[in-house]
Amino acid sequence: MLHIAMIGCGAIGVGVLELLESDPHLCVDAVIVPEASQPLVRQRLGGLRNPPRVLSELPAGVRPDLLVECAGHRAIEEHVLPALTQGIPCLVVSVGALSEPGLVERLEAAAEFGGTRIELLPGAIGGIDALSAAKVGGLESVRYTGRKPARAWLGTPGEQVCDLEHLEEARVIFEGSAREAARLYPKNANVAATLSLAGLGLDRTQVRLIADPESCENVHQVEASGAFGGFELTLRGKPLAANPKTSALTVFSVVRALGNHAHVISI
Ligand SMILES: NC(=O)C1=CN([C@@H]2O[C@H](COP(=O)(O)OP(=O)(O)OC[C@H]3O[C@@H](n4cnc5c(N)ncnc54)[C@H](O)[C@@H]3O)[C@@H](O)[C@H]2O)C=CC1
Ligand SMILES: O=C([O-])CC(=O)C(=O)O
C-alpha cells in the first residue's frame with residue numbers, strides 16, 4: 001500500500017480521490033489546501049468512504065511515499081520544492097509553472113539534494129511518450145493548437161482580443177512561442193509547457209490558442225516532425241463540470257500515474 005499526500009483538492013483532486021476509493025494499493029491520507037478552502041474541501045469530501053485529513057501543511061515528521069500536486073502554479077514553490085528537499089518523490093500537474101525562469105533548475109537541485117525524483121504528468125494531453133522519444137533522434141518542428149469554448153478564456157488576455165461573451169465564430173486569440181503563451185496565459189499553459197519540455201523547448205514550440213463559441217470541448221492538436229518521421233494528434237477533451245478550464249483526462253492521468261507507482265505492471 002502506497003501512502004500519498006495530495007496538494008490541492010479542487011476539480012482534479014476530488015475526481016482523483018473518488019477514483020482511488022476502489023484501489024486497495026493506494027491511500028491518500030492527507031490533502032493540503034489553504035486554510036480558507038478547508039470548509040469547502042471538507043464538504044466536497046463528505047461523500048467518500050474514508051475521507052483524507054484536510055490540512056494546511058504536512059505535519060513535521062510525516063513522510064508520505066508520494067506527494068501529488070493538483071493545486072496550481074504557486075503550490076510548486078510552496079509545497080513541491082520543500083518536499084523534494086526532504087526526499088519525498090513528487091508528481092506534478094501544474095507543469096506550466098516550470099516556464100518560470102530558473103524553476104526547472106531549482107527543482108532539479110532540490111531533488112538531487114533530497115535524493116529523489118519529480119515526475120511531470122502528461123495531464124490533459126497525450127503523445128508525450130512519442131514526442132520525448134522523437135526528441136532523442138532530433139525534432140524539426142512542434143506546433144500546438146489549443147481550442148476551448150469561448151467562455152473558458154474569460155479572465156485571460158483573450159478578453160482584450162475579442163468579446164468572448166458574444167463571439168459568433170472561432171477566433172485566434174494568441175499566436176507565438178510557448179514561452180510567450182506561458183507568460184500571457186499561465187492558467188492555460190500547462191499543455192504547451194509539457195509539450196515544450198518533452199520536445200523542442202519553450203522558444204521553438206509554436207502555439208496557437210483559439211476561442212470557439214461552437215465548441216463544448218477542450219481540443220488539443222499537436223503536429224510534430226523530425227528524424228523519426230511525423231505525427232499529428234487531435235485530443236478532444238471533455239471539460240470537468242467542476243472546472244471547465246480543466247479536461248477530465250487530467251484526472252485520469254493522475255490516477256494512471258499513481259497506479260503505475262503501486263501496481264506490478266506499469267503502462
Ligand atoms: N497538466 C495539465 O494538463 C493540466 C494541469 N492543470 C493544473 O492543475 C491545477 C488544478 O486544477 P483544478 O483542480 O481544475 O483547479 P481547482 O481550482 O478546481 O482546484 C485547485 C485546488 O488547489 C487548492 N490550492 C490553490 N492554491 C494552492 C496552494 N498554493 N497550495 C495548496 N493548495 C492550493 C485550492 O484550494 C483547490 O482545492 C490548475 O491550476 C493547473 O495548474 C489543470 C488542467 C490541465
Ligand atoms: O485541461 C486542459 O485542457 C489543459 C489546460 O487547461 C492547460 O493546458 O492548462
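These values consider heavy atoms only, across backbone and side chains, with no hydrogens, waters or symmetry-generated copies. Since the structure is predicted, the reported quantities are computational estimates derived from the model, not experimental observations. Start at 1 and go down the list; that is how both ligands and their atoms are numbered.
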Item to complete: Using a 4.0 Å heavy-atom threshold (strictly under), name the region of H79 that reaches ligand 1: side chain, backbone, both or neither.
Response: side chain
Discussion item. Side chains of H263 and D23: any donor to acceptor distance under 3.5 Å?
Written reply: yes
Discussion item. Starting from atom 6 (N) of ligand 1, what is the nearest protein heavy atom, named by residue and atom, and what distance separates them?
Written reply: N190 ND2, 3.5 Å
Discussion item. So if I count the atoms of ligand 2 from 1 in the order they appear, which ones are less than 4.0 Å from some heavy atom of N218?
Written reply: 3 (O)
Response to the item:
Near A124 (heavy-atom distance under 4.0 Å), the atoms of ligand 2 are 1 (O), 2 (C), 3 (O), 4 (C)
Practice prompt. Looking only at protein heavy atoms, identify the closest one to atom 19 (O) of ligand 1 and say how far it is in Å.
Written response: G10 CA, 3.2 Å
Fill in: Contact with ligand 1 for P34, non-hydrogen, under 4.0 angstrom
yes
Worksheet entry | L17/V31 under side chain to side chain contact (heavy atoms under 4.5 Å, CB included): CA gap, chis, key distance, verdict | CA-CA 10 Å; L17 288 169; V31 296; 4.1 Å; yes
Practice prompt. Measure the shortest side-chain to side-chain distance between V92 and L121 over non-hydrogen atoms and say whether it is less than 4.5 angstrom.
Written response: no
Worksheet item: With distance as the sole test, does R151 use its side chain to make a donor-acceptor pair with the main-chain N or O of P244 at under 3.5 Å?
Response: no
Practice prompt. With heavy atoms of K148 as the reference, note each atom of ligand 2 found under 4.0 Å away.
Written response: 2 (C), 3 (O), 4 (C), 5 (C), 6 (O)
Worksheet entry | CD (E159) with more than 12 external heavy atoms under 6.0 Å | yes
Item to complete: Could you name the option among G8, S37, A71, A124 that has the heavy atom nearest to atom 26 (N) of ligand 1?
Response: A71
Item to complete: Would you check the N or O atoms of C9, main chain and side chain alike, for any that come under 3.5 Å of an N or O of ligand 1?
Response: yes
Item to complete: Answer yes or no: does an N/O atom from S247 fall short of 3.5 Å to an N/O atom of ligand 2?
Response: yes
Discussion item. Between ligand 1 and N243, is the shortest N or O to N or O distance under 3.5 Å?
Written reply: yes
Worksheet item: Is the count of non-hydrogen atoms from other residues, nucleotides or ligands lying under 6.0 Å from F113 atom CZ greater than 12?
Response: no
Worksheet entry | Atom indices of ligand 2 within 4.0 angstrom of T246 heavy atoms, with elements | 1 (O)
Worksheet, complete the sentence: atom 11 (O) of ligand 1 has as its nearest protein heavy atom I12 CD1, 3.3 Å
Worksheet item: Going by the order shown, which atoms of ligand 2 are within less than 4.0 Å of some heavy atom of V191?
Response: 4 (C), 7 (C), 8 (O)
Discussion item. Under a plain distance cut-off of 3.5 Å, with no hydrogens placed, do N218 and S247 share a side-chain donor-acceptor pair?
Written reply: yes
Worksheet entry | Closest protein heavy atom (residue, atom, distance) for atom 44 (C) of ligand 1 | T250 OG1, 3.5 Å
Worksheet item: With only distance considered, is T246 within less than 3.5 Å of ligand 1 through an N or O on each side?
Response: yes
Response to the item:
Honestly, for N190 the part within reach of ligand 2 (heavy atoms, under 4.0 Å) is both
Response to the item:
For A189, the atoms of ligand 2 under 4.0 Å from one of its heavy atoms are 9 (O)
Worksheet item: If you take all heavy atoms of L258 and L26, which pair is closest and at what distance?
Response: O-CD2, 3.7 Å
Discussion item. Checking a contact table here: which protein heavy atom is nearest atom 7 (C) of ligand 1, and how many Å away?
Written reply: S94 OG, 3.5 Å
Discussion item. One thing to verify: whether K238 and E217 come together as a salt bridge, which I'm taking to mean a side-chain N less than 4.0 angstrom from a carboxylate O.
Written reply: no
Worksheet entry | atom 1 (N) of ligand 1 - nearest protein heavy atom and its distance | V93 O, 2.8 Å
Fill in: Atoms in ligand 1 with a heavy atom of H73 nearer than 4.0 Å
41 (O)
Practice prompt. Might you confirm whether atom CD of Q160 has over 12 heavy atoms from other residues, nucleotides or ligands at distances under 6.0 Å?
Written response: yes
Worksheet item: What class does the angle between the rings of Y144 and H220 fall in, given that below 30° is parallel, 30 to 60° is tilted and above 60° is perpendicular?
Response: parallel
Discussion item. Ignoring hydrogens, what is the shortest heavy-atom contact between A181 and A189? Give both atom names and the distance.
Written reply: O-CB, 4.2 Å
Practice prompt. Is it possible for you to say whether L81 and V104 belong to one hydrophobic cluster, with membership spreading through side-chain heavy-atom contacts below 4.5 Å?
Written response: yes
Worksheet item: Is there a nitrogen or oxygen of E78 sitting under 3.5 Å from a nitrogen or oxygen of ligand 1?
Response: yes
Worksheet entry | Atom CD of E169 with >12 non-hydrogen neighbours under 6.0 angstrom | no
Discussion item. If we set the cut-off at 4.0 Å for heavy atoms, which region of I32 has an atom near ligand 1: side chain, backbone, both, or neither?
Written reply: backbone
Discussion item. Pairs of nitrogen or oxygen atoms closer than 3.5 Å, one from A11 and one from ligand 1: do any exist?
Written reply: yes
Discussion item. Testing the 3.5 Å rule here: is there a donor-acceptor pair between the side chains of S56 and Q38?
Written reply: yes
Worksheet item: In the protein, what heavy atom is nearest to atom 39 (O) of ligand 1, and what distance, to one decimal place, separates them?
Response: G72 CA, 3.4 Å
Discussion item. List ligand 1 atoms under 4.0 Å from I7, heavy atoms only on the residue side.
Written reply: 31 (C)
Worksheet entry | Heavy-atom neighbours of E214 CD exceed 12 at 6.0 Å | no
Item to complete: Considering the heavy atoms of C70, write down every atom of ligand 1 situated less than 4.0 Å from one of them.
Response: 10 (C)
